[in-house]
Amino acid sequence: MRDVAVIGIGMNKWGEVWEKSISDLIAESALLALDDAGLDKVDAMYIGCMSSGLFTDQEHLGSIGPDYAGICPTPGTRVESACASGGAAIRSGFLHVASGASDIVMVVGVEKMTDVDGAKATFALATAADQEYEVFHGVTFPGLYAMMANHHMNKYCTTRDQLAQVAVKNHKNGKLNPLAQFQMDVTLDQVKNAVMVSDPLTILDCSPITDGAAAVILCPADKAKSISKKRVVKVKGSGHASDTIQLAQRKDLSYLKSTEIAAKKALEMAGRKIGDINFAEVHDCFTIAEIMVVEALGAVEVGKGGPATMDGVTAVDGKFPVNASGGLKSKGHPVGATGVAQIVELVKQIRGTAEKGRQVKNANIGLAQNMGGSGASSVVHILEGE
Amino acid sequence: MSSPRNWRGMPQRYRLEAAKCKKCGKVLFPPRLVCPECHGREFEPTHIGNTGKVETFTVIRVAPSGFTDQAPYAVAIVNVGDGVRILCQVADVEPEELAIGMPVKLEFRKVQSDGESGVISYGYKAVPVF
Ligand SMILES: [Zn+2]
């Protein structure tokens with residue numbers, strides 16, 4: 001395996017983008033990434049997408065991607081692992097370049113979610129859970145995470161305020177990110193008193209429905225400098241793990257074992273410890289998720305994710321800054337795009353080009369964690385500036 | 001909910017049929033082809049118990065298509081013993097009565113009706129034991 005670097009990133013503003021199709025979204029981010037790298041073609045393309053079929057009636061993104069990026073006959077492959085589709089696509093692209101099979105590989109993540117109404121979107125997202133033993137009974141994703149939240153609150157005395165603080169922090173960061181869907185502050189009271197979706201989670205504990213895409217271009221690290229003048233950012237570690245699709249079958253209902261294992265694998269590959277990580281982008285699809293993720297990563301003690309958030313440990317200027325981009329909560333969560341956008345953000349931070357106020361100081365080693373379903377799959381990457 | 005899918009799930013939804021690993025004794029609900037604990041592939045038929053305790057719960061207030069007319073409704077993960085947990089709705093309960101540790105029993109109820117194919121699906125729901 002050879003070293004791999006990111007030489008191009010591309011992302012447009014996320015939100016409800018009714019005037020653009022899924023093909024437009026893919027092409028837009030692909031072109032931005034090509035421009036950032038100073039290239040006009042690549043050798044292969046991966047497209048992370050969870051459910052273009054249910055959201056837009058369109059499959060076969062392995063053709064749509066290269067076609068609308070204007071680079072046929074470049075081969076395209078769609079990668080799906082629910083909300084971890086983007087992270088899994090990054091890993092596929094990384095392994096593709098690392099193996100030596102191709103030199104320049106583009107990875108795009110995309111989801112076009114607002115062509116359907118809320119109930120249909122809720123149904124489409126729920127297909128990431130077990131159809132026969134979870135969805136059959138009418139449970140939703142907010143419902144599954146709400147049950148994890150109640151379990152965590154009961155076991156560790158995590159409080160309603162601590163959950164809400166995740167949203168407050170991430171909106172504070174996202175307010176400074178011009179690409180975020182919701183560039184606004186929320187208060188603890190607003191989060192707690194918002195419309196209840198699934199007790200104890202209100203609408204402001206949940207990441208939104210979003211249209212969006214993101215793209216990165218990967219190449220062998222030893223060729224990066226000859227292609228781009230920008231700071232070389234290497235993909236030093238990649239880890240991926242699964243867990244039971246049914247939440248009920250996990251040994252611990254509020255511990256993300258797949259995230260723990262994926263992180264251990266990625267850190268081992270990078271030759272790093274969690275204490276070496278300067279900042280992280282994690283999968284805060286719900287406020288409780290960020291708390292459970294920082295625990296599973298080993299960044300805080302298990303059960304202490306809530307108090308650590310309250311104490312500012314995960315703030316931009318904290319000991320372990322989390323989601324300086326605004327996270328899924330404020331930036332938006334076009335499910336298949338999220339894992340790729342996390343890599344875009346790590347590169348921005350390591351290049352030192354994040355907006356003032358949300359740029360992490362000394363951001364040289366970053367970690368991205370992207371998760372599918374209720375934690376049934378998890379992908380972790382570690383990026384490091386040269 | 002398609003007719004074949006509805007029919008396929010009946011042994012578990014109607015009769016709580018499970019499988020017990022002959023090698024390590026783990027009870028699997030639903031039955032599987034291989035035991036995730038010991039990789040054994042031989043099982044004897046069994047049933048899960050129809051009583052248990054709530055390990056966690058929520059109230060679904062924003063429902064997916066197919067359930068919008070039922071909202072709000074309670075959903076829980078119930079430990080039914082033998083190392084088996086199941087997820088199901090909790091019926092005949094007010095949201096504020098729900099609690100972790102609450103004893104429940106499983107009853108046969110209508111779970112979904114009038115999906116796109118018109119199939120009415122039945123199965124287990126938990127009800128509180130007072
Ligand atoms: Zn066994």
Side-chain angles (χ1 to χ4, degrees), chain A residues 54 116-155 194-203 205-206 209 242-254 286 288 374, chain B residues 1-2 5-6 8-10 12-13 26 28-30 32 36-37 52 54-80 83-91 95-96 98-101 109 111-112 115-116 121-126:
Chain A
L54 288 174
V116 295
D117 65 27
K120 275 197 178 145
T122 302
F123 173 81
L125 290 169
T127 63
D130 187 302
Q131 276 295 331
E132 308 302 329
Y133 292 92
E134 294 185 316
V135 182
F136 174 84
H137 297 281
V139 80
T140 57
F141 262 96
L144 288 166
Y145 277 91
M147 287 195 284
M148 295 161 105
N150 272 333
H151 189 267
H152 202 277
M153 292 164 96
N154 185 259
K155 190 170 178 181
V195 173
M196 192 64 83
V197 172
S198 193
D199 310 33
L201 305 179
T202 72
I203 188 105
D205 286 292
C206 306
I209 301 280
S242 62
D243 202 346
T244 62
I245 188 142
Q246 280 189 52
L247 173 61
Q249 296 190 339
R250 313 247 175 94
K251 287 197 169 61
D252 185 332
L253 296 177
S254 55
F286 300 93
I288 181 64
S374 56
Chain B
M1 173 66 64
S2 71
R5 212 187 115 192
N6 188 47
R8 221 164 38 229
M10 285 179 183
Q12 281 69 49
R13 288 184 194 130
K26 186 173 172 65
L28 303 179
F29 180 82
R32 293 177 177 229
E37 292 296 320
V54 169
E55 284 202 10
T56 188
F57 64 91
T58 186
V59 179
I60 307 283
R61 297 179 192 273
V62 178
S65 43
F67 287 88
T68 42
D69 56 346
Q70 292 186 43
Y73 51 91
V75 172
I77 289 178
V78 178
N79 189 329
V80 292
V84 177
R85 289 201 212 96
I86 61 165
L87 182 152
C88 61
Q89 287 190 27
V90 189
E96 54 275 16
L98 284 160
I100 290 173
R109 298 284 179 103
V111 179
Q112 292 184 33
E116 278 175 18
S121 298
Y122 297 87
Y124 45 84
K125 282 188 185 178

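Naming convention: chains lettered A, B, ... in sequence-line order (proteins, then strands); numbering from 1 in each chain.
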- Heaviest contributor of heavy-atom pairs below 4.5 Å to chain B, chosen from N150(A), I203(A), V195(A), is N150(A)
- One option among V75(B), T68(B), I77(B) has the most heavy-atom pairs under 4.5 Å with chain A, and it is I77(B)
- Heavy-atom donor-acceptor pair, D205(A) side chain to T202(A) backbone, under 3.5 Å: yes
- Task: For residues M148(A) and T56(B), determine if any side-chain heavy atom of one lies less than 4.5 Å from a side-chain heavy atom of the other.
- Result: no
- Item | Residues E37(B), K251(A): salt bridge by 4.0 Å N-O rule | yes
- Query: So what's closer than 4.5 Å to chain A heavy atoms on Q70(B): side chain, backbone, both or neither?
  - Reply: neither
- With a 4.5 Å cut-off on heavy-atom pairs, point out which of G118(A), A146(A), G138(A), A126(A) contacts chain B the most. G138(A)
- Query: Do L253(A) and M147(A) have side-chain heavy atoms sitting under 4.5 Å apart?
  - Reply: no
- Ranked by heavy-atom pairs below 4.5 Å to chain A, first place among L87(B), N79(B), V84(B) goes to L87(B)
- Pair S254(A)-H151(A), side-chain donor/acceptor within less than 3.5 Å: yes
- Item | L144(A) versus chain B, the contacting section by heavy-atom distance below 4.5 Å | side chain
- In terms of ring plane angle, is the pair Y124(B) and H137(A) parallel, tilted or perpendicular, where the classes change at 30° and 60°? tilted
- Query: With respect to chain A, which residue among A74(B), C88(B), P72(B), G9(B) yields the maximal number of heavy-atom pairs within a distance under 4.5 Å?
  - Reply: C88(B)
- Message: Quick check for you: among Q89(B), R5(B), R13(B), Q12(B), which has the greatest number of heavy-atom pairs under 4.5 Å with chain A?
- Response: R13(B)
- Of the listed residues (V111(B), V78(B), L98(B)), which shares the most heavy-atom pairs with chain A below a 4.5 Å separation? V111(B)
- Check whether A76(B) gets within reach of chain A through its side chain, its backbone, both or neither, counting any heavy atom under 4.5 Å. backbone
- Message: Taking the ring of Y133(A) and the ring of F29(B), is the distance between their centroids below 6.0 Å?
- Response: yes
- Side chain, backbone, both or neither: which part of Q246(A) has a non-hydrogen atom closer than 4.5 Å to chain B? side chain
- Item | side-chain contact (heavy atoms from CB on, under 4.5 Å), paired with T122(A), selected from I209(A), V197(A), T140(A) | T140(A)
